[in-house]
Amino acid sequence: QVQLVESGGGLVQSGGSLRLSCAASGSIFSINTMGWFRQAPGMQRELVATITTGGIMDYADSVKGRFTISRDSAKNTVYLQMNSLKSEDTAVYLCYFKPLLGSPSWGQGTQVTVSS
């Protein structure tokens, strides 16, 4: 079983930056995808960004050019650098871990609030 612990959320003004971190522990399959989803109240959960073990990245159109995902495989940690934040980025951000075989694991979420 994989445990995911997120950190780095908080309150920031429009145009500001935050960096989220997610550390995975437990039974980690070496070939995997990690990343971030987000969910605002009353809204569907949506993909923000993912990165594979091989370094292939996927971003939501709404964050391209503003957010950067990266990972440190030795630490089993994924990061999300969020720049030029907008009020519409306000959501609970959930870390995601998907092994090549098997079901995904989810973190508990970290709140990101962007004030106008």
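What you are looking at is a predicted structure, and each value in this text was computed from that prediction instead of being measured. All values below were derived from every heavy atom in this structure, side-chain atoms included, with hydrogens, water molecules and symmetry-related copies excluded.
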How far does [atom1] of [X] sit from [atom2] of [Y], to the nearest 0.5 angstrom?
X   : Y    : atom1 : atom2 : value
K98 : S103 : NZ    : OG    : 7.0 Å
M82 : D89  : CE    : CG    : 7.5 Å
T90 : Q111 : OG1   : CD    : 7.0 Å

Does [X] belong to the same Ile/Leu/Val/Met/Phe/Trp/Tyr cluster as [Y], with side-chain heavy atoms less than 4.5 Å apart forming each link?
X   : Y   : value
V78 : L94 : no
V92 : V63 : no
L85 : Y79 : no
I69 : M34 : yes

Kindly give the heavy-atom pair with the smallest separation between [X] and [Y], and that separation in Å.
X   : Y   : answer
K64 : D61 : NZ-OD1, 3.1 Å
A91 : A40 : CB-N, 4.0 Å
P99 : F29 : CB-CB, 3.8 Å
S14 : S87 : OG-N, 4.2 Å
S84 : S17 : N-OG, 4.3 Å
Y93 : E6  : O-OE2, 3.8 Å

Side-chain heavy atoms of [X] within contact of [Y], under 4.5 Å:
X    : Y   : result
S115 : Q13 : yes
R38  : E46 : yes
R71  : S73 : yes

(request) Name all residues meeting the side-chain hydrogen bond (donor to acceptor under 3.5 Å, both in side chains) criterion together with N76; count only those two or more places apart in sequence or in a different chain, and write none if there are none. (result) none
Below 3.5 Å, can you tabulate the donor-acceptor pairs from side chains in residues 18-26 to any protein atom, sequence neighbours excluded?
none

(request) Sort and list the pairs that fulfil disulfide (SG to SG under 2.5 Å) and have at least one residue in residues 26-74, not counting sequence neighbours. (result) none
(message) I'd like to check the ring pair (Phe, Tyr, Trp, His ring centres under 6.0 Å) partners of F37; sequence neighbours left out, ordered by chain and number.
(response) Y96, W106
(request) Would you mind listing the cluster partners of V5? Hydrophobic ones only (ILVMFWY), side-chain contacts under 4.5 Å, chaining allowed. (result) none
Donor-acceptor pairs are to be reported for all side-chain atoms of residues 47-58 against protein atoms at under 3.5 Å, with residues two or more places apart or in another chain.
from	atom 1	to	atom 2	distance (Å)
T52	OG1	G54	N	3.3
T52	OG1	G55	N	3.3
T52	OG1	I56	N	3.0
T53	OG1	S30	O	3.4
T53	OG1	N32	N	2.7
T53	OG1	N32	O	2.8

